[in-house]
2 protein chains.
Amino acid sequence: MSTVRPPRSHVQVTADLVILTVRTGELHVLLIDRGNPPYLGQPALPGGFVRDGETLDQAAYREMAEETGLHEGEVVLEQLRAYSKPDRDPRGRVITVAYLALSPELPLPVAGTDAAEARWVLVEEALATELAFDHNEILRDCLEAARVRLEHTTAAAVFCREPFTVADLRHVYEAVWGQRLDPSNFRRKVTKTAGFIEPTGGRRFPDVGRPAALYTRGSATLLVPPLLRTGAEEPQH
Amino acid sequence: MSTVRPPRSHVQVTADLVILTVRTGELHVLLIDRGNPPYLGQPALPGGFVRDGETLDQAAYREMAEETGLHEGEVVLEQLRAYSKPDRDPRGRVITVAYLALSPELPLPVAGTDAAEARWVLVEEALATELAFDHNEILRDCLEAARVRLEHTTAAAVFCREPFTVADLRHVYEAVWGQRLDPSNFRRKVTKTAGFIEPTGGRRFPDVGRPAALYTRGSATLLVPPLLRTGAEEPQH
DNA sequence: CTCCTTTAGGTCAGTTCGACCATAAATGAG
DNA sequence: CTCATTTATGGTCGAACTGACCTAAAGGAG
């Protein structure tokens, strides 16, 4: 009865970036203020359109460099999933692929071409803000993915600028999970997991308290058995 | 200074399906023989183009119904990741999103519109075959994802038609992981994990050996602590 | 020197797991 | 009927890991 329409639909594809870091013990995400319509001036995740001849990974790294001044090698991006609701972008049919990055505390990013400004925002605050497109949903999903990643991999160490102390590493877990961890049990876990952290022999002398031994990231990437959140301890208010 | 070319590139997006099942104790994947160029007649994963107004999930379920006769509700599809190499499809710029499904042994799928034939193929055999596009890579990734899923979720139970025995469930793990498991320890794990399997009270009388109690799937979806592959035991040759 | 803070390390009970053994419940052969 | 075979079910034992908790070490401030 009806004419058979070509089933193919031309869409545009973007890569959006969720770049997380820990600053002053709290989890931050890198946001930009949109420099173009739609959502002009509204906060959003950095990202942009995939170009011809580019893979999604390449597009993600290019956008990261353009909009934040961070380069491949400084930060590792990992693909998470695609978001495809037909009306998620008022410009038309745009499917986005979200990328997650865990980054050490880096120099403040610089404003780029597509972005009026890039800045670190408290994750808690970003989630309470109305972000452009479906970026609130993307941020929520990436945050949960990051929490799971910390359970099963040694990824938390990339949040730390080397050399770091066991307490530095613990603060990362506490910031991402939003809960306090027992310092003693945490130490036992990370020091007895082969390849998680390697001692440098040096020490750091804080303003107060006993000096702490310094470590660098080890070669291990998987954490078996995992380091699980128990939900037992409450976040410090 | 220079004209700013629109950085946007129009691409086509497909959803490709990796539908796994266990038949006669061995892991199979659903393949089609391509009914259209390119790769005409060559085996491939089922899948197709996303249409206007459709999410990726909707496209995946629609393609599954069209090409295999399996419907939403019978099988649960889950998005895995996107594949975006610029030259992965000779027709032009096509990005695909892979979907993974674990299915109980279902009636042989019927031939559909886009596919000359859909059939179950041994995973081992499929991986040794040259599949269309980058489907070998997609299948490998999905297979590893399925193995991880069995470790951390109760997903293995959806491979079993209800009611099933503990041995049925164990055979699923053995097929997907390619290794033998200790029947006694496996039973202890699955029966003591609340909500994994629920006894029906019935029993199944095999040709030989003691009858086995029958179970249905429980309500739990996560497996904590996980059921880990140890790599200890070899697959039966 | 004494207090305070933070790191470092130890104890102890409870849980889980792998390896292994023992028993139960069915069938079929002699 | 008896026994061997097969598979299901259940128990034991020690190793490993964890959470809760405790103690000591190493620095600075007063």
Side-chain angles (χ1 to χ4, degrees), chain A residues 25 150-152 160 163-174 177 179-215 220 222-234 236, chain B residues 25 150-152 160 163-174 177 179-215 220 222-234 236:
Chain A
L150 258 55
E151 291 186 321
H152 296 95
C160 298
F164 54 87
T165 69
V166 174
D168 291 340
L169 187 59
R170 180 165 48 83
H171 293 325
V172 168
Y173 276 89
E174 292 177 339
W177 286 352
Q179 67 182 213
R180 291 303 198 88
L181 298 177
D182 183 278
S184 184
N185 293 336
F186 182 82
R187 153 178 305 280
R188 179 179 58 193
K189 177 69 180 179
V190 298
T191 56
K192 298 214 169 172
T193 299
F196 196 165
I197 57 176
E198 306 291 344
T200 66
R203 290 195 301 170
R204 176 181 299 166
F205 294 79
D207 290 345
V208 60
R210 174 174 171 174
L214 290 172
Y215 297 85
L222 248 48
L223 209 49
V224 282
L227 180 48
L228 298 170
R229 328 168 243 180
T230 57
E233 316 203 33
E234 290 297 307
Q236 188 187 31
Chain B
L150 258 55
E151 292 186 320
H152 296 95
C160 299
F164 54 86
T165 69
V166 174
D168 291 339
L169 188 59
R170 179 164 48 85
H171 293 327
V172 169
Y173 276 89
E174 291 178 340
W177 286 353
Q179 68 181 212
R180 290 302 197 90
L181 299 176
D182 182 277
S184 184
N185 293 337
F186 181 82
R187 152 177 305 281
R188 178 178 59 192
K189 178 70 179 178
V190 299
T191 56
K192 297 213 171 174
T193 298
F196 197 166
I197 57 176
E198 306 291 344
T200 66
R203 291 196 300 170
R204 176 182 298 165
F205 293 79
D207 288 348
V208 61
R210 173 175 171 172
L214 291 172
Y215 297 85
L222 248 50
L223 211 49
V224 282
L227 180 48
L228 298 169
R229 322 169 248 180
T230 56
E233 316 201 34
E234 289 297 306
Q236 189 187 31

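Please read all numbers here as calculations on a predicted model, not as lab measurements. By convention in this document, chain letters (A, B, ...) are assigned in the order of the sequence lines, proteins followed by strands, and residues within each chain are numbered from 1.
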Colleague: Tell me whether the side-chain N or O atoms of S184(B) pair up with the base of dG11(D) as donor and acceptor below 3.5 Å, since no angle test is needed here.
Modeller: yes
Colleague: For L227(A) and dG19(D), give me the distance from atom CG to atom P, rounded to whole Å.
Modeller: 8 Å
Colleague: Output all residues satisfying side-chain hydrogen bond (donor to acceptor under 3.5 Å, both in side chains) with E198(A), sequence neighbours left out; order by chain, then residue number.
Modeller: none
Colleague: Using whole Å, what does the distance between atom C1' of nucleotide dT7(D) and atom CG of L214(B) come to?
Modeller: 14 Å
Colleague: Less than 4.5 Å apart, any side-chain heavy atom of F164(A) and any of L214(A)?
Modeller: no
Colleague: Can you pull out the residues from residues 190-199 of chain A that lie within a 4.0 Å heavy-atom distance of DNA chain D?
Modeller: none
Colleague: Using ring-ring contact (aromatic ring centres under 6.0 Å, His included) as the criterion, list what pairs up with H152(B), not counting sequence neighbours.
Modeller: H152(A)
Colleague: I need the CD-P distance between Q179(B) and dG18(C), as an integer number of Å.
Modeller: 10 Å
Colleague: Roughly how many Å is it from OH in Y173(B) to P in dC17(C), rounded to a whole number?
Modeller: 12 Å
Colleague: Tell me the interatomic distance from L181(B), atom CG, to dA19(C), atom C1', rounded to whole angstroms.
Modeller: 14 Å
Colleague: Rounded to the nearest angstrom, tell me the gap between atom CZ in R229(A) and atom C1' in dG19(D).
Modeller: 18 Å
Colleague: Write down the distance between CG (L169(B)) and P (dA8(D)), rounded to a whole number of angstrom.
Modeller: 12 Å
Colleague: Where along residues 200-213 of chain B does a heavy atom come under 4.0 Å from DNA chain D, residue by residue in number order?
Modeller: V208(B), G209(B), R210(B), P211(B), A212(B), A213(B)
Colleague: Could you tell me if the side chain of P183(B) sits less than 4.5 Å from the side chain of R170(B), heavy atoms only?
Modeller: yes
Colleague: Are R229(B) and E151(B) close enough that some pair of their side-chain heavy atoms sits under 4.5 Å apart?
Modeller: yes
Colleague: If you look at every heavy atom in T200(A) and P163(A), which pair is closest and at what distance?
Modeller: CG2-CB, 4.3 Å
Colleague: With a 4.5 Å cut-off on side-chain heavy atoms, are K189(A) and S184(A) touching?
Modeller: no
Colleague: So which atom in T165(A) and which in A212(A) form the shortest heavy-atom distance, rounded to 0.1 Å?
Modeller: CG2-CB, 3.7 Å
Colleague: State, with a plain yes or no, whether a side-chain heavy atom of F196(B) is found less than 4.5 Å away from one of T191(B).
Modeller: no
Colleague: Figure out the CG/C1' separation between L228(A) and dT18(D), and round it to whole Å.
Modeller: 10 Å
Colleague: Report the residues that fulfil side-chain hydrogen bond (donor to acceptor under 3.5 Å, both in side chains) with T193(B), sequence neighbours left out, ordered by chain and then residue number.
Modeller: none
Colleague: Which atom pairs link the protein and nucleotides 12-17 of chain D when you take only N or O atoms and keep those under 3.5 Å?
Modeller:
{"unit_1": "dT12(D)", "atom_1": "O4", "unit_2": "R188(B)", "atom_2": "NH1", "d": "3.4"}

Colleague: Between D168(B) and Y215(B), is there a side-chain heavy-atom distance shorter than 4.5 Å?
Modeller: no
